[in-house]
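Comments concern the structure below.
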2 protein chains.
Amino acid sequence: MVKIKDIADKANVSIATVSNVINNRGRVGEETRKKILKIIDEVNYQPNEIAKSLKLNKTNDIGVIVEDISVFNAPEIINGIHAAAEEKGLSILLTNMGLFKKNGNQYPEISKCKELALPLFNQLVSNQVEGIIYIGIHSRDITGLIPDSKIPIVYTYCYTKNENDYSVNYDDEGASYQITKYLINKGHTQIGLISGLINSVSSYARFQGYQKALSEQMLMFNPQFVKTGDWQYESGYRMTQDLLNQENIPTAIIAMNDLMAAGAIQAIKDNGRQVPNDIAVVGFDNRELSSYISPRLTTMSLPLEEMGKKAMEILDQIRNKYPVNQKKYRLGCQLVERDSVYSLE
Amino acid sequence: MVKIKDIADKANVSIATVSNVINNRGRVGEETRKKILKIIDEVNYQPNEIAKSLKLNKTNDIGVIVEDISVFNAPEIINGIHAAAEEKGLSILLTNMGLFKKNGNQYPEISKCKELALPLFNQLVSNQVEGIIYIGIHSRDITGLIPDSKIPIVYTYCYTKNENDYSVNYDDEGASYQITKYLINKGHTQIGLISGLINSVSSYARFQGYQKALSEQMLMFNPQFVKTGDWQYESGYRMTQDLLNQENIPTAIIAMNDLMAAGAIQAIKDNGRQVPNDIAVVGFDNRELSSYISPRLTTMSLPLEEMGKKAMEILDQIRNKYPVNQKKYRLGCQLVERDSVYSLE
DNA sequence: CTGAAAGCGCTTACAG
DNA sequence: CTGAAAGCGCTTACAG
């Protein structure tokens with residue numbers, strides 16, 4: 001690798017002068033500047049960022065810890081982080097816990113997670129990253145997972161109970177409210193809900209949004225219309241069967257994710273009914289499959305890329321000691337209309 | 001951050017001695033060793049990797065350039081890279097071209113790609129990575145995209161014409177041969193093929209595999225059975241309609257990816273026929289949607305994670321100047337049987 | 001306008 | 001067994 005000394009020798013100047021022209025500081029004569037610039041160009045000199053980092057005590061690296069890069073939310077969030085980082089001249093040190101795979105597709109206990117996260121955290125610290133973004137696999141509480149330290153950290157797709165921690169998530173309740181309202185506007189008054197696991201804050205918040213939309217429109221809340229699934233296709237299928245076997249059958253079903261929505265659609269078809277004509281189905285997440293099942297699924301799109309961007313921007317502000325007016329962020333979701341909802345009016 | 005000097009002061013020894021105990025080199029008295037170790041533990045000392053890197057001229061960082069992290073193949077490949085890197089104590093500097101998004105979901109020309117890749121490449125070089133893995137979006141020739149340099153680089157999910165370059169891909173022809181043979185073994189003799197774009201080497205190789213299996217089994221190759229799509233759902237749908245409108249209708253259809261297979265299934269259903277009872281459909285890629293469409297799609301699973309691992313292992317060998325016996329690798333695909341194929345026997 | 005020198009946090013011959 | 005010193009490639013007061 002060619003270094004600053006090589007340039008200096010070639011130009012018959014000191015390394016200080018070369019450094020000055022590279023960084024546009026100090027007074028340098030126009031002649032020498034040109035000469036040096038020419039040489040730099042000729043030899044395609046690339047400054048050694050490692051040396052700069054050591055000297056300036058500033059790496060321009062930020063670390064990301066992702067709980068599992070194979071899970072659908074990770075790539076888009078990383079995409080957003082990368083886009084924002086690029087703008088700020090920051091590099092990304094990527095680290096993956098592989099939580100799902102290492103634990104038979106089950107979400108491990110917090111203590112197990114800690115074991116997996118700690119070495120990655122230390123690795124990042126050793127590499128002198130200027131901040132860390134932690135990407136969760138679920139919107140869940142991970143208080144205490146990452147040890148306290150002076151290094152700035154922002155959590156996304158998860159959160160902590162610590163009021164000093166930064167986190168960026170999406171607005172579960174608002175999204176659920178929005179999609180319920182959408183169904184109501186389409187004339188639906190009997191709306192089934194297939195929730196995720198009940199120990200999930202997302203399930204809870206989305207239930208709240210559902211109820212809020214109902215009561216705002218003076219619609220009766222019917223407890224028989226809400227069934228609890230486990231986020232998987234099969235549970236969507238089964239819970240929909242339950243819904244279909246009741247006296248009152250909903251005209252629309254909200255599944256709290258696309259997988260369960262796909263199961264719901266299949267159950268409805270197997271029951272001899274049509275989607276959307278007999279029963280509308282709506283999902284959550286806007287995963288790839290939602291465009292390819294039949295009918296194409298109307299669903300809520302998560303602001304994944306935006307979450308990544310936002311997390312990076314906040315991190316950059318903390319890093320630069322800008323005042324950050326807010327610690328917990330919730331970004332809005334967007335409805336994507338496809339073919340699984342029929343208007344009753 | 002606590003540094004080696006702080007430890008030395010606390011222990012009343014020189015920094016050289018501290019360094020020696022940290023790295024287990026040189027003779028150090030048992031007493032002093034213990035004392036130093038204790039202090040290191042107490043203050044939770046983490047060595048500054050940046051300083052080590054500069055001194056040792058060795059960063060233990062490897063760079064990855066991914067053409068688009070939002071594309072389905074990227075996360076699993078990165079997963080594999082990360083797993084192998086972790087074993088070797090390497091960190092990953094991740095870089096994303098965002099090729100698709102920046103170009104309206106079209107694959108840009110090679111010169112445009114170059115423009116996007118070069119700054120990322122330089123960034124990685126500046127950061128003194130010890131090698132680079134380049135992850136393509138398609139199995140395609142990207143000769144000349146990355147400038148020549150002494151830094152080791154291995155290409156995956158793409159390749160170059162340069163015989164000195166390393167690349168790891170999967171075995172298109174073998175996979176296609178395998179799945180065709182599978183269909184034949186199930187009693188199918190009239191097998192349709194919906195290919196991807198014809199300028200793709202994957203399309204060509206898969207066509208070869210298809211033909212090879214046919215001729216090995218003394219089956220007539222019927223040119224009317226092969227249709228050219230463009231990898232998208234819609235084209236799978238249309239090409240299947242064409243197939244269905246011909247005199248001879250195949251009893252099985254191979255689509256060269258899952259998206260087109262999904263389109264094929266829908267076309268068959270809309271035509272009033274059943275999958276798999278009337279016509280079997282088989283895909284390629286094993287993307288998420290293949291588990292959730294109806295019927296669940298039998299498809300070829302790509303060895304994505306293995307490709308990432310392999311790429312990392314090769315890179316590590318080059319980096320360590322091990323003799324690498326081979327430059328171009330092709331990993332095998334695996335058939336995943338689900339519900340879209342019916343046995344005729 | 002230009003350069004000599006110190007120093008970032010480490011490692012490593014070498015001397016004692 | 002232990003430590004003083006040089007040096008990795010840079011930047012930055014400071015002196016001239």
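Values reported hereafter were calculated over all heavy atoms of this structure, with side chains retained and with hydrogens, waters and symmetry mates removed. Quick note on labels: first sequence line is chain A, next is B, and so on, each numbered from 1.
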**Study point:** N/O (side chain, Lys55(A)) to phosphate O (OP1/OP2, dC10(D)) under 4.0 Å
**Key:** no
Check your understanding: Between Thr17(B) and dT2(D), is there a side-chain N or O to OP1/OP2 distance below 4.0 Å?
Key -> no
Review point. Which part of the nucleic acid, if any, lies within contact of Asn57(A), taking any heavy atom under 4.0 Å across all strands shown: a base, the sugar-phosphate backbone alone, or nothing?
Key: nothing
Practice item. Look at Ser19(A) and dC10(D) and indicate whether a side-chain polar atom (N or O) is within less than 4.0 Å of OP1 or OP2. Key: no
Review point. Would you call the rings of Phe100(B) and His138(B) parallel, tilted or perpendicular if under 30° counts as parallel and over 60° as perpendicular?
Key: perpendicular
**Study point:** Separation of atom CD1 in Ile15(B) from atom C1' in dC1(D), rounded to whole Å
**Key:** 17 Å
Check your understanding: Under 3.5 Å, is there a donor-acceptor pair between the side chain of Asn169(A) and the main chain of Tyr157(A)?
Key -> yes
Revision key, fill the gap. note: Asp6(B), atom CG; dC10(C), atom C1'; distance rounded to Å ~ 13 Å
Practice item. Figure out the CG/P separation between Asn20(B) and dT2(D), and round it to whole Å. Key: 10 Å
Review point. Could you state the CG-C1' distance from Leu54(A) to dG9(C), rounded to the nearest angstrom?
Key: 6 Å
Check your understanding: Within a radius of less than 6.0 Å around NZ of Lys88(A), do more than 12 heavy atoms belonging to other residues, nucleotides or ligands occur?
Key -> yes
Revision key, fill the gap. Among dG7(D), dT12(D), dC10(D), the one nearest any side-chain atom of Ala51(A) is dC10(D)
**Study point:** From dT12(C), dT2(C), dC10(D), nucleotide with atom closest to Leu56(B) side chain
**Key:** dT12(C)
Check your understanding: Looking just at side-chain N and O atoms, do Tyr166(B) and Gln326(B) make a donor-acceptor pair shorter than 3.5 Å?
Key -> no
Check your understanding: How close or far is atom P of dC10(D) from atom CD1 of Ile40(A), stated in whole angstroms?
Key -> 10 Å
Check your understanding: Roughly how many Å is it from CG in Asn127(A) to P in dC10(C), rounded to a whole number?
Key -> 13 Å
Revision key, fill the gap. Which of dT2(D), dT2(C), dA5(D) is nearest the side chain of Ala16(B)? It is dA5(D)
Check your understanding: How long is the line joining NZ of Lys5(B) and P of dA4(D), in whole Å?
Key -> 11 Å
Check your understanding: Which part of the nucleic acid, if any, lies within contact of Ile50(A), taking any heavy atom under 4.0 Å across all strands shown: a base, the sugar-phosphate backbone alone, or nothing?
Key -> nothing
**Study point:** Lys/Arg-Asp/Glu bridge criterion (N-O < 4.0 Å) met for Asp6(A), Lys3(A)
**Key:** no
Exercise for review: Please indicate whether Glu109(B) has more than 12 foreign heavy atoms, meaning atoms of other residues, nucleotides or ligands, lying under 6.0 Å from its CD.
Suggested key: no
Point to revise | dG3(C): pairing nucleotide in any strand, Watson-Crick or G-U under 3.5 angstrom | key: dC14(D)
Practice item. Check whether any side-chain N or O of Asn23(A) sits under 4.0 Å from OP1 or OP2 of dT11(D), and answer yes or no. Key: yes
Check your understanding: Closer than 4.0 Å, any side-chain N/O of Tyr45(B) to the OP1 or OP2 of dG9(C)?
Key -> no
Practice item. Determine: side-chain N/O of Ser53(B) to OP1/OP2 of dC8(D), distance under 4.0 Å, yes or no. Key: no
Exercise for review: Could you state the atom-to-atom distance from CD of Glu49(A) to P of dC8(C) in whole Å?
Suggested key: 20 Å
Check your understanding: Do any side-chain nitrogens or oxygens of Arg25(B) fall under 4.0 Å of OP1 or OP2 in dT11(C)?
Key -> no
Check your understanding: The side chain of Lys52(A) lies closest to which of these nucleotides: dC10(D), dA4(D), dT11(C)?
Key -> dC10(D)
Exercise for review: Starting from the 5' end of DNA chain D, give me the residue, Arg33(B) or Ile4(A), whose nearest nucleotide shows up first.
Suggested key: Arg33(B)
